[in-house]
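Here is the structure we will look at.
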2 protein chains.
Amino acid sequence: MRAYKHPAIEDVRPEDFFHALSDPVRLAIVRQLAREGEASCAALDGGRPKSSMSHHFRVLREAGLVQTRPAGVTHMNTLRRDELDRRFPGLLDAVLAAIG
Amino acid sequence: MRAYKHPAIEDVRPEDFFHALSDPVRLAIVRQLAREGEASCAALDGGRPKSSMSHHFRVLREAGLVQTRPAGVTHMNTLRRDELDRRFPGLLDAVLAAIG
DNA sequence: TCGCTTGTACGATGTTTATCGAACTATGGC
DNA sequence: GCCATAGTTCGATAAACATCGTACAAGCGA
């Protein structure tokens, strides 16, 4: 649990990025993170079980979209905006615009 | 076979769009269509069976990415660039840039 | 009409995926 | 050390999906 391993941004494949965005629950997470900047996992569950949310956060992490940082007993998540914009210029912004 | 039914661009959901892009075969199709403008299904198979390609084209059609037009015995496919850009401004261009 | 070509429809198979409960780990407060 | 809290991991289940062979439909040319 201690340290999460995030992929190097250069290793993120487009198909993984898009797959991470192909689920409504994960789109909601991304939307909220874009709005609030940073949030814990628990803050973003929509009444869903922890294990479901953990799964979705893992997909987002492994696709390079989200960075998770342990902060005491909670874990704070942020979008990897700058890195993603370097890897896929303009893509994340267009995605965020598309999902409102 | 005669006439394909494509979804109205307003009905295209972001998650369907992204799901269509979550497969390497379909990304290759989109890349080629962006490059060549228009192509038949057969022209884009990479030695894959027809039924596999037909499946992927169907996914792309139903996600609103591709328009298919019967032209004699072949079927020509194009990206729905203008419509998509209206629905998701800037998104398709960023996608195409990302997938090279 | 017959044959050829292009793509679809159907059905089967194996893989991936989403969902969730239960057990577990890590951290902080007392 | 003990307990509560936040997430992860594991295991099971059901649904979705990719792949491909075979059969079928539609158009064109001879």
Side-chain angles (χ1 to χ4, degrees), chain A residues 1-7 13-33 36 38-78, chain B residues 1-7 13-33 36 38-78:
Chain A
M1 194 131 113
R2 228 170 190 323
Y4 290 91
K5 47 177 180 317
H6 300 85
R13 292 176 310 175
E15 56 261 44
D16 296 333
F17 179 88
F18 293 127
H19 169 251
L21 294 173
S22 69
D23 183 282
V25 176
R26 290 195 290 270
L27 282 187
I29 293 174
V30 169
R31 200 181 295 119
Q32 277 299 102
L33 286 180
E36 310 187 0
E38 194 173 39
S40 69
C41 301
L44 299 183
D45 66 357
R48 265 168 251 275
K50 298 191 296 178
S51 52
S52 295
M53 296 310 290
S54 184
H55 162 69
H56 288 302
F57 275 104
R58 190 154 88 97
V59 172
L60 288 169
R61 265 198 306 273
E62 296 182 346
L65 273 96
V66 162
Q67 176 142 34
T68 307
R69 165 181 69 85
V73 86
T74 83
H75 301 209
M76 296 306 272
N77 302 278
T78 51
Chain B
M1 195 134 108
R2 223 162 197 326
Y4 291 90
K5 47 177 179 318
H6 301 85
R13 291 177 309 176
E15 55 261 44
D16 297 333
F17 179 88
F18 294 128
H19 169 251
L21 295 173
S22 68
D23 183 283
V25 175
R26 290 195 290 269
L27 282 188
I29 293 174
V30 170
R31 199 182 295 120
Q32 278 297 103
L33 286 180
E36 309 187 0
E38 194 174 39
S40 69
C41 301
L44 299 183
D45 67 356
R48 266 169 251 273
K50 297 190 297 177
S51 52
S52 296
M53 295 310 289
S54 184
H55 163 70
H56 287 301
F57 275 103
R58 191 155 85 98
V59 172
L60 289 169
R61 263 198 307 273
E62 294 182 348
L65 273 97
V66 162
Q67 176 142 34
T68 307
R69 167 180 69 84
V73 84
T74 82
H75 301 209
M76 296 307 272
N77 302 279
T78 50

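Note that the coordinates shown come from a computational prediction; the quantities given were computed from them, not determined experimentally. The sequence lines fix the lettering, A, B, ..., with proteins before strands; numbering per chain opens at 1.
Separation of atoms CG (B/L44) and CG (B/L33) is listed at 5.5 Å; rounding is to 0.5 Å.
Of all the heavy atoms in B/R61 and B/T68, the pair that sits closest is NH1-OG1, 3.1 Å. Of all the heavy atoms in B/F17 and B/L65, the pair that sits closest is CD1-CD1, 3.6 Å. Nearest heavy atoms, A/E15 versus B/L27: OE1-CD1, 3.8 Å. B/I29 and B/M53 make their closest contact through CD1-CE, 3.8 Å (heavy atoms, listed as atom of the first residue, atom of the second, distance). Heavy-atom minimum distance, B/N77 versus B/S40: ND2-C, 3.8 Å.
The salt bridge (charged side-chain N to carboxylate O under 4.0 Å, His left out) contacts involving residues 41-60 of chain B comprise B/R58-B/E62, where partners must be two or more places apart or lie in separate chains.
In this structure, B/F57 places its CZ atom 13 Å from C1' of C/dT8, rounding to the nearest Å. Summarising the geometry, the separation between CZ on B/R69 and P on C/dG7 is reported as 12 Å, rounded to the nearest angstrom. For the pair A/R26 CZ and C/dA18 C1', the interatomic distance rounds to 8 Å; values are reported in whole Å. The distance between atom CG of B/D23 and atom P of C/dT16, rounded to the nearest whole Å, is 13 Å. Atom CE in B/M53 sits roughly 17 Å away from atom C1' in D/dG21 (whole-Å rounding). Atom pair A/N77:CG and D/dT8:C1' shows a separation of 13 Å (rounding to whole Å applied). When rounded to the nearest whole Å, the span between CE of B/M76 and C1' of C/dT6 equals 12 Å.
Dashed line: the shortest gap from a side-chain N or O of B/H55 to OP1 or OP2 of C/dT8 is not under 4.0 Å. The shortest distance between the side-chain N/O atoms of A/S54 and the OP1/OP2 oxygens of D/dG7 is not below 4.0 Å. Close to C/dT27, at under 4.0 Å from its OP1 or OP2, lies no side-chain N or O of A/H75. Proximity of B/Y4 to the phosphate of C/dG7: no side-chain N or O atom is located under 4.0 Å from OP1 or OP2.
DNA chain D lies under 4.0 Å from at least one heavy atom of each of the following residues of residues 40-51 of chain B: B/P49, B/S51. The stretch residues 58-66 of chain A touches DNA chain D through A/R61, each having a heavy atom under 4.0 angstrom from the strand.
With sequence neighbours excluded, the residues forming a salt bridge (Lys or Arg N to Asp or Glu O under 4.0 Å) with B/R69 are B/E38, listed by chain and number. By the side-chain contact (heavy atoms from CB on, under 4.5 Å) test, A/D23 is found to be paired with A/V25, A/R26, A/H56, residues two or more places apart in sequence or in another chain being considered.
Annotation: side chain of A/Y4 is in contact with side chain of A/H75 (closest heavy-atom distance under 4.5 Å).
The residue B/T74 sits close only to the backbone: its heavy atoms come under 4.0 Å of sugar-phosphate atoms, none of a base.
Proximity of a side-chain donor or acceptor of A/S54 to a complementary backbone N or O of A/S51 within less than 3.5 Å is not detected.
Place A/S52 and A/G72 on DNA chain C by their nearest nucleotides, and A/S52 ends up nearer the 5' end.
For the helix from C/dT1-D/dA30 to C/dC30-D/dG1, the axis fitted to the five pairs at one end and the axis fitted to the five pairs at the other end meet at an angle of 20° (nearest 10 degrees).
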